[in-house]
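Convention: sequence-line order gives letters A, B, ...; per-chain numbering from 1.
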There are 2 protein chains.
Amino acid sequence: MPPVTVFGTANFANAARVMACLEKVGVEYDVVQVDYMAKEHKGAEHLARNPFGQIPAFQDGDIMLFESRAIAKYVLRKYSKSADIDLLREGNPEEAAMVDMWTEVEAHTYFPAMAPIFYECVVYPAMHGTPTNQKVVEESLEKLRKVLDVYEAHLSRSKYLYLAGDFFSFADLNHFPFTFHVMTTPHASLFDSYPHVKAWWERVMARPSLKKICPDMVIRA
Amino acid sequence: MPPVTVFGTANFANAARVMACLEKVGVEYDVVQVDYMAKEHKGAEHLARNPFGQIPAFQDGDIMLFESRAIAKYVLRKYSKSADIDLLREGNPEEAAMVDMWTEVEAHTYFPAMAPIFYECVVYPAMHGTPTNQKVVEESLEKLRKVLDVYEAHLSRSKYLYLAGDFFSFADLNHFPFTFHVMTTPHASLFDSYPHVKAWWERVMARPSLKKICPDMVIRA
């Protein structure tokens, strides 16, 4: 019996965030499907796991968690020592601040610009058969360009290999799920205009723990 | 000379979040006004502190930070030991997970329901002289009721004094700035329908470090 369970499959970006951490620390996990189209996420069984009815939820023995970023940090804190990795850098306030800062930028600025592109180009057509709303996509691309301008300047000026420094961290990992999905849309070429961002993304995607879950993340109609 | 500087005054909710942590750990701080109406937050001087042009930014010696939640955690990690408090509980993965979970709920679910009520009832009338859009307020109140249903069930069932357990934590502190502001609107009475939430809020507001900055948080036309 695997020690932990993720409720929600890897094609949900926030479940993939959790799985990326589990792969990173090398913890085996069970995946329980929550059927979104059948609205299982709003059913009593899933609401008992996550009262907001969102995917994923996560179980480790007696503990049941929701909110993917909180689950991810729990996994890293609890299981990183044995894996001899430190993606959070909580022992060093300055490094941890850089990790937190770019993690927050992802949540409040990068993700809101990225997500509509992914939903309009991939999710809505695949799940509901609705055509892409090009106006929404264009507005998001405009926002995303301004965000990527800042990322390009940061990576270029700092000469960092990764967002928080010369170490792969939770900040980079948090950018993985939605960037992966936007890279499957016709707008992936946007990154060509940002050479430092593109090189960073290629470094992120070269990591075996992330590569491993990519095939399961692909959205199919 | 105070050891650290907050760029942005306490009437900005996200600056107040940082100041609440500084008061909690008892670190002296200097406050530099960033004139929002004069668009100083989008000027070169502030963009050098925060490339996204948001308030606050924060300086501690050579380190310059932005994103209020990241700054707040930096302050708590760096200065909590001497103050003998532990709002993050990072030494205990289970407790830290509860703190993170309710911190994330605040950021992604509670805040988005609360903020438009505050902006429409307080900020826009005071800053731009525009009347409150009641439709936006009603929609947000509807969202907020559903969120508070979950909070009420959580606090009632767990019998916790605070969101993450029987200890005041970063999760509670993160709810402070926007709840404080919504409590200054005509919709404060909404909390009367949620007795456990209301009792929790009264416990939060009884804390001296939070009380101290409240007078500076009030928005004036």
Side-chain angles (χ1 to χ4, degrees), chain A residues 14 47-48 50-54 57-58 60-81 88-113 143 146-147 149-154 157 164 171, chain B residues 14 47-48 50-54 57-58 60-81 88-113 146-147 149-154 157-158 164 171:
Chain A
N14 290 326
L47 285 172
N50 179 345
F52 295 102
Q54 292 159 340
F58 175 83
D60 184 2
D62 290 341
I63 195 168
M64 180 71 81
L65 298 176
F66 49 90
E67 284 293 338
S68 65
R69 291 168 181 85
I71 300 167
K73 285 199 278 186
Y74 168 81
V75 166
L76 292 175
R77 285 201 196 101
K78 183 153 182 198
Y79 296 107
S80 278
K81 263 185 200 161
L88 297 170
R89 305 260 163 169
E90 286 171 353
N92 179 322
E94 287 75 19
E95 286 182 352
M98 291 297 147
V99 174
D100 284 339
M101 200 168 85
W102 290 99
T103 292
E104 294 292 335
V105 170
E106 189 277 331
H108 302 296
T109 306
Y110 185 91
F111 158 73
K143 268 193 211 171
K146 288 179 186 160
V147 175
D149 283 343
V150 175
Y151 276 61
E152 182 68 14
H154 166 62
R157 198 171 40 227
Chain B
N14 290 326
L47 285 173
N50 180 345
F52 294 103
Q54 294 159 339
F58 174 84
D60 184 1
D62 291 339
I63 195 168
M64 180 70 81
L65 298 175
F66 48 91
E67 283 294 338
S68 66
R69 291 168 181 86
I71 300 167
K73 285 199 278 186
Y74 168 81
V75 166
L76 292 176
R77 285 202 197 101
K78 185 155 179 193
Y79 296 107
S80 278
K81 263 185 203 164
L88 297 170
R89 305 263 162 164
E90 286 171 353
N92 179 323
E94 286 75 20
E95 287 182 352
M98 291 296 147
V99 174
D100 283 339
M101 201 169 84
W102 290 99
T103 293
E104 295 292 335
V105 170
E106 189 276 333
H108 303 294
T109 306
Y110 186 90
F111 158 74
K146 287 178 187 161
V147 175
D149 283 343
V150 176
Y151 276 63
E152 181 69 14
H154 166 63
R157 197 170 39 225
S158 68

Exercise. For Tyr110(A), which residues count as a side chain to side chain contact (heavy atoms under 4.5 Å, CB included) partner, sequence neighbours excluded?
Worked result: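 With neighbours one apart ignored, the set is Glu106(A), Met114(A), Val147(A), Leu148(A), Tyr151(A), His175(A), Thr179(A), Phe191(A), Trp200(A).
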Problem set entry | Heavy-atom pairs under 4.5 Å with chain B, option from Leu47(A), Val105(A), Thr103(A), Asp60(A) with the top count |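 When all of Leu47(A), Val105(A), Thr103(A), Asp60(A) are compared, Val105(A) has the most.
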For this session: Find the one option among Glu90(A), Met98(A), Lys146(A) whose heavy-atom pairs under 4.5 Å with chain B are most numerous.
Result: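 Max contact count across the listed options: Glu90(A).
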For this session: Could you check Glu94(B) against Lys78(A) for salt bridge (charged side-chain N to carboxylate O under 4.0 Å, His left out), going step by step and ending with a plain yes or no?
Result: CA-CA 9 Å; Glu94(B) 286 75 20; Lys78(A) 183 153 182 198; 3.7 Å; yes
Exercise. Considering residues at least two apart in sequence or located in another chain, which fulfil the side chain to side chain donor-acceptor pair (under 3.5 Å) criterion with Glu104(A)?
Worked result: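 If we apply the side chain to side chain donor-acceptor pair (under 3.5 Å) test to Glu104(A), skipping adjacent residues, the hits are His108(A).
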Problem set entry | Spacing of CG belonging to Asn50(A) relative to CD belonging to Glu67(A), to within rounding of 0.5 Å |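 CD of Glu67(A) is found 7.5 Å from CG of Asn50(A).
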Exercise. Relative to chain B, which segment of Val150(A) carries a heavy atom at a distance below 4.5 Å: side chain, backbone, both, or neither?
Worked result: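 Side chain of Val150(A) only, per the 4.5 Å heavy-atom cut-off to chain B.
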Problem set entry | Heavy-atom contact with chain B under 4.5 Å, split by part of Ile63(A) |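 When you check distances to chain B, only side chain atoms of Ile63(A) fall under 4.5 Å.
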